[in-house]
Every structure is written in C-alpha cells, then in structure tokens.
Amino acid sequence: MGFFSKLFGGKSKGANSEVEALVQKTLEGIIEKAQFDLTFDIKTEKEEDGSATLAVEFNGSDEEILKDKKGQMLDAFQLFLKRVIQHNFPDDKTNVTVDCGGYRDESANALIERAENLKAICIEQGKSVYYRALPPKDRKVVHQYLAKDPRVKSRSLGDGLYKKIKIYPAKGQAQGNSSEETMSND
C-alpha cells in the first residue's frame, strides 16, 4: 500500500488484499533465500461465515522437494504463513492452504481408500480395527469420511501429535465377537 493510499484510503479491496500482499511478499522472500525454482498462485475464497481462505498453489521444477516426506515442506509453509498472518493481523481469521500439483487431493484419496478397506473389515468381521498413527490433519480426513457411514464409529487413541484411529462397529452393528481386534499393518 503506497503513501497516498494510506493517507487517503486508496482503493483497497479490504483486509484480505493486505493479507494476500503479505503472503505474496513472504513467499517471494522464502523462495529467493532458499533458491527454489518455484512459482506460486494465490487465490482468495470467501466462506459463508465471512472468513476467507488463501489457497497457495506452487508450480516449478522443485515441486518434488515440497512433496517429499509426506508433504512436510508443504505443511511447514502452511504453518509458517498462518503464523506470519497472525503476527501481523492478530484479529484476522484468514485460513491458509498450501498445495503443489494436487498433492493434498492425492494424499486425502489414499487415506480414504485405506479407511474404506479397514471399514469393510470392521463391518464384515464385526470387530474393531486400528488405523496407523496419523497427524491431526490426516485424522480429520479419516474421521470425516467414516462419520458418513452410520454402521461404524471412530475415535483417536493415544497421546501426542500422532494418534491411532480405532474404527469399531456402531451399537447394534456388531456381527461377531467384538473382543477380538485387528491391527492394521500400515
């Protein structure tokens, strides 16, 4: 925002344009310092509740670095950008999502496919099965998927960031001996 815009209130599109400018400046700085061969697009989506989501999509020859190790670099970018926004605009509720070449969709589909298999085992055998320990964002995908089926229930087990998911038959859905349990070898 230039001097005259600050002084006379220029043609700002609202707080989100300032947030978007901050995110753009931050990403340009990171890419330059790290010497990544990446470009990015930022899209702003307004939610029904008035909040906004900034969707950052990376492109370039260094995409594999971002996707490596189960997308940890994408998660790091996303968390860092959220913290930068919170630091500069404490009252702003903008959410940030960072993706690269459809990695988030591929990852969610793989989680759902595995959850579908475990759900089928749970329903068929009438006993609890366990999903391997997952971070919170992945557990949310699995829990939301399983919540659509009234035949099964799920809950997280364990302490710390990574927790297992127990998938068990809903009451009245158990067919066999529910005291036996199956462990996923994932």
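The two residues S128 and Y168 have their closest heavy-atom pair at OG-CB, 3.4 Å. Contact detail for G158 and K163: the closest heavy-atom pair is O-CE, 3.5 Å. Minimum interatomic distance between E106 and G101 (heavy atoms only, all atoms of both residues): OE2-O, 3.9 Å. Counting all heavy atoms, side chain and backbone alike, C122 lies closest to V129 at CB-CG2, 4.0 Å. Heavy atoms only, all atoms of each residue included: A170 and P150 are closest at CB-O, 3.3 Å. D62 and L38 make their closest contact through C-CD2, 3.8 Å (heavy atoms, listed as atom of the first residue, atom of the second, distance).
In this structure, R83 CZ and N88 CG are separated by 13.5 Å, a value rounded to the nearest 0.5 Å. Rounding to the nearest 0.5 Å gives a distance of 3.5 Å between OG1 of T44 and CD of E20. Within the model, atoms CD of Q72 and CZ of F77 stand 13.5 Å from one another, a figure rounded to the nearest 0.5 Å. Here T53 contributes atom OG1 and K43 contributes atom NZ; the two are 13.5 Å apart, rounded to the nearest 0.5 Å. Separating the CZ atom in R151 from the CG atom in L146 is a distance of 11.0 Å, to the nearest 0.5 Å. Between the CD atom in E18 and the CZ atom in F89 there is a gap of 5.0 Å [rounded to 0.5 Å].
Within the 4.5 Å cutoff, the side chain of L81 has heavy atoms near those of the V98 side chain. Counting heavy atoms from C-beta outward, K82 and N95 have side chains that approach closer than 4.5 Å. The shortest side-chain heavy-atom distance between M73 and F58 does not fall under the 4.5 Å cut-off. Looking at Y131 and K164, their side chains never come closer than 4.5 Å, going by heavy atoms from C-beta outward. Within the 4.5 Å cutoff, side-chain heavy atoms of F36 are placed close to those of I65. Put simply, the side chain of I112 does not reach to within 4.5 Å of the side chain of V142, judged on heavy atoms. Under the 4.5 Å side-chain criterion, counting only non-hydrogen atoms from C-beta, D37 is not in contact with I31. Between P169 and V152, the closest side-chain pair of non-hydrogen atoms is not below 4.5 Å.
Annotation: K137, atom NZ; neighbour count of heavy atoms from other residues, nucleotides and ligands within 6.0 Å is above 12. Taking a 6.0 Å sphere around CZ of F80, one finds it holds 12 or fewer heavy atoms contributed by other residues, nucleotides or ligands. No more than 12 heavy atoms of other residues, nucleotides or ligands sit less than 6.0 Å from atom NZ of K153.
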Worked verdict on Y145 versus L111 for side-chain contact (heavy atoms from CB on, under 4.5 Å): CA-CA 9 Å; Y145 172 73; L111 289 169; over 6 Å; no
Trace of the salt bridge (Lys or Arg N to Asp or Glu O under 4.0 Å) decision for D75 with K70: CA-CA 9 Å; D75 293 340; K70 298 181 180 179; over 6 Å; no
Criterion side-chain contact (heavy atoms from CB on, under 4.5 Å) on N59 and F40, from CA distance to verdict: CA-CA 6 Å; N59 297 304; F40 60 90; over 6 Å; no
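For the residue pair R104 and Q78, a side-chain donor N or O sits within less than 3.5 Å of a side-chain acceptor on the partner.
Between the side chain of D138 and the backbone N or O of L134 there is no donor-acceptor pair closer than 3.5 Å. For the pair D105 (side chain) and N109 (backbone), a donor-acceptor distance under 3.5 Å is absent. With T26 contributing its side chain and L22 its backbone, the two residues share a donor-acceptor pair below 3.5 Å.
Taken together through direct or relayed side-chain contacts under 4.5 Å among Ile, Leu, Val, Met, Phe, Trp and Tyr, L79 and I85 form parts of separate hydrophobic clusters. Each of Y162 and I165 belongs to its own hydrophobic cluster when Ile, Leu, Val, Met, Phe, Trp and Tyr are linked at side-chain heavy-atom distances under 4.5 angstrom.
A salt bridge between E28 and K25 is absent, with no side-chain N of the basic residue lying under 4.0 Å from a carboxylate O of the acidic one.
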